[in-house]
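Predicted model, so just to flag it, every value in this text is computed and none were measured.
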Amino acid sequence: MTEQDNLKVLIEQAQNGDETAFGELYEVYSNRLYAFIFSKTTHKQTAEDLLQEVLVKIWKALPNYQDKQVQFSSWLYAIANNHIKDHYRSTARRPQTTELIENIDKTSNIDLEETVNKQYVANKLVCLLDGLPDNYRQVVECRFINDLSVAETAHITQKTQLSVRVMQTRAIYKLKKLMSKEDSNLYE
């Protein structure tokens, strides 16, 4: 039995109320869903809370999932994406905060300078992504951060595959312009 067949069996069992099967689906998809949610919130606690809420929504909606309409992973990401939109609609947008690196042991072999540099680059990338229009940012996050296909991205964003490709191209062009602008600002 292939992995795809195993997933189909787990989905069917979970649709019939099998909590163990749902737990196995959780094991397969939770890390990817968390990464997707975290890329939208950039706050660990918020992402964890939203993941739990998304999982409850998935459990409740699971009996309505139809395999022939859309791929299961795309269906999961669409639920997560819609929940994130609902979250931002229902709460006032607060300034983003940068999480501190916790539990750094000064005597360990962790290269603190390298860790700080990686954090700096990650924060810089988040700032550059913030400079993109929301639809471009969403496509970039789906395609490159969450490693989703064009088809999955199209389903999540509710756009055609051609629109996703066009937005991806335009987003990359705009990111290059933002990066060159950042670089030129360094030397002024």
*Under 3.5 Å, is there a donor-acceptor pair linking the side chains of Q138 and N81?*
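Present: a donor and an acceptor within the cut-off.
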_side-chain contact (heavy atoms from CB on, under 4.5 Å) between V150 and R165, worked out_ = CA-CA 7 Å; V150 172; R165 287 188 187 103; 4.2 Å; yes
*Check the pair L25 / L7 against side-chain contact (heavy atoms from CB on, under 4.5 Å), numbers first and verdict last.*
CA-CA 8 Å; L25 288 172; L7 283 175; 4.1 Å; yes
*Beyond-backbone contact of L51 with L33, side-chain heavy atoms, under 4.5 angstrom*: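 Result yes, sub-4.5 Å side-chain heavy-atom pair found.
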_Is the shortest side-chain heavy-atom distance between P133 and K174 below 4.5 Å?_
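When only atoms from C-beta onward are counted, K174 and P133 do touch, with a gap below 4.5 Å.
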For [X], is the [atom1] atom crowded, meaning more than 12 foreign heavy atoms sit under 6.0 Å from it?
| X | atom1 | value |
| --- | --- | --- |
| Y173 | OH | no |
| K85 | NZ | yes |
| R32 | CZ | yes |
| Q161 | CD | yes |

Nearest non-hydrogen partners of [X] and [Y], listed with the distance:
| X | Y | answer |
| --- | --- | --- |
| Y88 | T41 | OH-CA, 3.4 Å |
| F38 | A47 | CA-CB, 3.8 Å |
| S74 | H155 | O-CD2, 3.4 Å |
| L132 | A171 | CD2-O, 3.9 Å |
| I58 | L76 | CD1-CD2, 3.4 Å |
| Q15 | L62 | NE2-O, 3.0 Å |

Looking at [atom1] of [X] and [atom2] of [Y], how far apart are the two atoms once the value is rounded to the nearest 0.5 Å?
| X | Y | atom1 | atom2 | value |
| --- | --- | --- | --- | --- |
| Q66 | F72 | CD | CZ | 13.5 Å |
| I11 | N6 | CD1 | CG | 11.0 Å |
| I156 | C142 | CD1 | SG | 4.5 Å |
| H87 | N82 | NE2 | CG | 14.5 Å |
| Q158 | T153 | CD | OG1 | 13.0 Å |
| H83 | I37 | NE2 | CD1 | 7.5 Å |

_Stepwise side-chain contact (heavy atoms from CB on, under 4.5 Å) check, N135 with T157_ = CA-CA 8 Å; N135 56 344; T157 59; over 6 Å; no
*Mind checking whether F36 and Y77 have parallel, tilted or perpendicular rings, split at 30° and 60°?*
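The arrangement is perpendicular - the two ring planes meet at more than 60°.
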*List the steps, then state whether side-chain contact (heavy atoms from CB on, under 4.5 Å) holds for T160 with S163.*
CA-CA 5 Å; T160 65; S163 294; 2.9 Å; yes
_Option among W59, Y65, Y29 that satisfies the ring-ring contact (aromatic ring centres under 6.0 Å, His included) test with F22_ =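 Only match with F22 under ring-ring contact (aromatic ring centres under 6.0 Å, His included): W59.
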*Would F144 end up clustered with Y136 when hydrophobic side chains under 4.5 Å apart are linked, directly or stepwise?*
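Yes, F144 and Y136 fall within the same hydrophobic cluster.
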*Any salt bridge (charged side-chain N to carboxylate O under 4.0 Å, His left out) pairs touching residues 49-66, not counting sequence neighbours?*
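Applying salt bridge (charged side-chain N to carboxylate O under 4.0 Å, His left out) to every pair that reaches into residues 49-66, excluding sequence neighbours, yields K57-D86.
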